[in-house]
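What you see below is based on every heavy atom in this structure, not just the backbone, and it leaves out hydrogens, waters and symmetry mates.
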Amino acid sequence: ALESDFDSTVTRLLTRLRREREESVKLDLFAALEDILRTCSRAGVGSGLDDAVRTAVPAVAKASISRLVDKRAGAKVKTAALELAREIAARVPASLESSLGFVVPALAKVLAGGVPQGGSALRVEALALSRLIFESHDAASTAPHVDALAPQIFAAADDKYYKVAAEALRACMALVPVVASAVPAHAAALSNAALSRVGTTDQDQEVKDAAIACAGATAAMLGDAMGADLPRCLKLLLDRLKNEITRLAAVKAIGAVATSELNPPMGESAAAATVELAGFLRKTNRPLRQASLFALDALVSKHAGSLSDAEVTAAVEEASALVSDGDLALASAALSLSASAVSSKGRAPFANACSAVCEKTLPAALELVRSPLMQSHALHALTSFFTALVSAKLSNAGASSDDLLARLMGSGDGSNTGEAAATAGRTAAVCVAAVCAGVNDAKHTASTASSLVAQLGDPASISEKDLLALFCLGELGKAADLSAV
């Protein structure tokens with residue numbers, strides 16, 4: 001019913017909104033439009049309702065924004081108007097592109113304090129809408145409007161009211177990719193807006209988190225344009241690691257910098273961060289441990305030249321304790337870190353870290369192979385770990401391809417039965433295939449398949465080891481031609 005009556009319903013509401021003088025009725029009309037929009041957005045992209053909403057957006061946006069310059073409209077009505085526009089930007093991405101010509105000047109006027117009966121609540125809404133515009137529209141459509149909005153957003157980041165400052169910093173973070181790709185002239189001002197709040201300790205938690213996240217995104221995407229501000233930013237983020245309240249946000253920010261495609265030079269900050277993050281793996285705070293593993297993996301894989309063997313070894317040793325089926329997400333991240341530690345990629349290998357992987361991570365990984373709780377993400381991390389271990393061609397005991405295959409194919413020890421045995425068998429089989437992939441030798445794969453065929457016993461009575469051998473043959477057959485075996 002709504003789909004067939006959508007156009008007429010919205011038209012009637014907009015007409016009533018233009019003529020209505022009673023503030024309480026205007027608020028009800030905005031609320032009704034917001035509810036209709038929220039309901040229609042659930043229909044999904046490409047549906048008839050979605051097309052109808054996108055067609056109506058320019059008219060609804062114009063009706064909303066016009067209330068901002070209406071001298072008769074009170075503060076509540078103006079705030080409700082921006083809430084509706086924000087709902088449009090959030091629910092119907094990229095739908096405001098044709099309306100930015102009149103939306104952006106109105107937002108700039110609100111942020112500059114040029115709207116009667118503005119107030120902090122209206123500025124917060126204007127900043128939230130600005131953020132959503134930059135997040136939901138591509139840089140090509142928003143770049144022409146950055147000059148009008150960016151100075152006002154940067155100024156709001158220094159506002160005394162914490163809600164305004166926090167929302168401004170989130171808008172700054174949304175600006176980062178636009179500035180990086182289209183308007184680099186604003187890079188210095190953006191960096192200053194973020195860093196000015198990161199170094200301040202006496203402020204609301206919401207502001208601290210937003211400032212740290214913004215600083216991390218700025219360093220990750222604008223590090224090449226920050227100059228001396230980059231080391232300053234990294235030092236501030238390291239300082240925030242020492243505060244329990246700001247620690248998690250700082251870890252995520254450092255992870256963002258470490259994974260950046262720009263590969264900004266982290267220098268001594270990479271080593272200092274690695275030491276701090278390795279210590280966080282002993283904490284009981286799960287989000288902190290997960291974020292620390294992610295950041296450590298990025299530091300080891302992309303900034304190994306700034307790290308020492310001892311620093312990487314300490315991280316591997318702490319991470320190895322997390323490789324268990326008690327928390328497969330943490331186990332996956334820990335295995336990924338260990339895989340990065342043994343992958344030299346043209347540099348001298350971390351000898352002690354490789355030994356720690358073989359002595360501590362590998363036994364835990366082999367135990368994980370037997371788990372009946374294995375899931376796809378953890379299985380991928382497990383196979384990547386075995387492939388990296390074999391590809392590294394370590395001389396450590398138990399790390400050769402033959403040793404790993406023997407231990408994997410011997411995992412059917414009878415400790416699992418029924419479906420648990422089948423799950424463990426499939427996991428071991430995928431890992432066997434991963435080891436062979438790491439060796440990358442057709443003859444080695446054929447030899448492995450032949451030994452598996454030789455292990456098969458009486459077909460009338462299939463044991464757990466027979467089941468494991470069949471699973472392994474199946475996985476090997478997916479990647480190689482075994483017709484000659």
Side-chain angles (χ1 to χ4, degrees), residues 57-71 73 75 78-79 81-90 92-159 161 163-197 210 214 217-218 221-222 225:
V57 160
V60 176
K62 188 173 183 178
S64 299
I65 298 304
S66 63
R67 299 284 81 75
L68 296 178
V69 294
D70 185 354
K71 295 180 179 179
K78 292 178 179 180
T79 302
L82 279 182
E83 286 176 352
L84 176 59
R86 177 164 58 84
E87 192 71 20
I88 292 173
V92 195
S95 60
L96 288 175
E97 183 174 347
S98 63
S99 306
L100 293 179
F102 61 83
V103 171
V104 170
L107 292 177
K109 190 173 183 180
V110 171
L111 295 177
V115 173
Q117 301 186 48
S120 297
L122 193 64
R123 295 181 70 203
V124 170
E125 286 297 330
L127 287 165
L129 178 56
S130 300
R131 171 179 58 82
L132 283 168
I133 287 173
F134 291 121
E135 287 179 347
S136 62
H137 295 72
D138 58 46
S141 60
T142 57
H145 304 284
V146 171
D147 289 343
L149 270 181
Q152 307 299 337
I153 293 174
F154 299 155
D158 198 37
D159 198 270
Y161 182 44
K163 284 189 177 294
V164 171
E167 199 58 64
L169 288 164
R170 285 191 280 267
C172 286
M173 187 173 174
L175 259 174
V176 171
V178 183
V179 171
S181 63
V183 279
H186 290 282
L190 177 54
S191 174
N192 288 333
L195 297 185
S196 65
R197 300 305 294 246
C214 183
T218 303
M221 301 189 72
L222 293 169

**Request:** List for me each residue that meets side-chain contact (heavy atoms from CB on, under 4.5 Å) alongside E135, sequence neighbours excluded, and say none if there are none.
**Result:** R131, L132, A174
**Prompt:** What distance separates E83 CD from S64 OG, expressed to the nearest 0.5 Å?
**Reply:** 10.5 Å
**Prompt:** Is there a side-chain contact between F134 and V146 (heavy atoms, below 4.5 Å)?
**Reply:** yes
Tell me which donor-acceptor pairs under 3.5 Å the side chains of residues 95-111 have, and how far apart each pair is, sequence neighbours excluded?
residue, atom, partner, partner atom, Å
S95, OG, V92, O, 2.6

**Fill in**
Residues A156 and V164: closest non-hydrogen pair is O-CG1, 3.9 Å
Under 3.5 Å, which donor-acceptor pairs link side chains of residues 121-129 to any protein atom two or more places apart or in another chain?
residue, atom, partner, partner atom, Å
R123, NH1, D159, OD2, 2.8
E125, OE1, R86, NE, 2.8
E125, OE1, R86, NH2, 3.2
E125, OE2, R86, NH2, 3.2

**Request:** Please list, chain by chain and in numerical order, all residues satisfying side chain to side chain donor-acceptor pair (under 3.5 Å) with S141, sequence neighbours excluded.
**Result:** D138
**Asked** For A166 and A210, which heavy atoms make the closest approach, and how far apart are they?
**Response** O-CB, 3.8 Å
**Residue pairs passing the salt bridge (Lys or Arg N to Asp or Glu O under 4.0 Å) test where at least one lies in residues 170-191, sequence neighbours excluded** = E167-R170, R170-E206
**Asked** Which atom names give the shortest non-hydrogen contact between A168 and I153, and what distance separates them?
**Response** O-CG2, 3.6 Å
**Request:** Show your reasoning for whether side-chain contact (heavy atoms from CB on, under 4.5 Å) applies to D147 and H186.
**Result:** CA-CA 8 Å; D147 289 343; H186 290 282; 2.7 Å; yes
**Message:** Could you tell me if the side chain of L175 sits less than 4.5 Å from the side chain of F154, heavy atoms only?
**Reply:** yes
**Asked** S120 versus K163: any side-chain heavy-atom pair under 4.5 Å?
**Response** no
**Asked** Which distance, rounded to the nearest 0.5 Å, do you find between the OG1 of T79 and the CG of L84?
**Response** 12.5 Å
**Where T142 and I133 come nearest, the two heavy atoms and their spacing** = CG2-O, 3.8 Å
**Request:** Compare every heavy atom of C172 with every heavy atom of C214, then report the nearest pair and how far apart it is.
**Result:** SG-CB, 3.6 Å
**Asked** Partners of R197 by salt bridge (Lys or Arg N to Asp or Glu O under 4.0 Å), sequence neighbours excluded?
**Response** none
**Item:** Main-chain N/O of A187 paired with S191 side-chain donor or acceptor, under 3.5 Å
**Value:** no
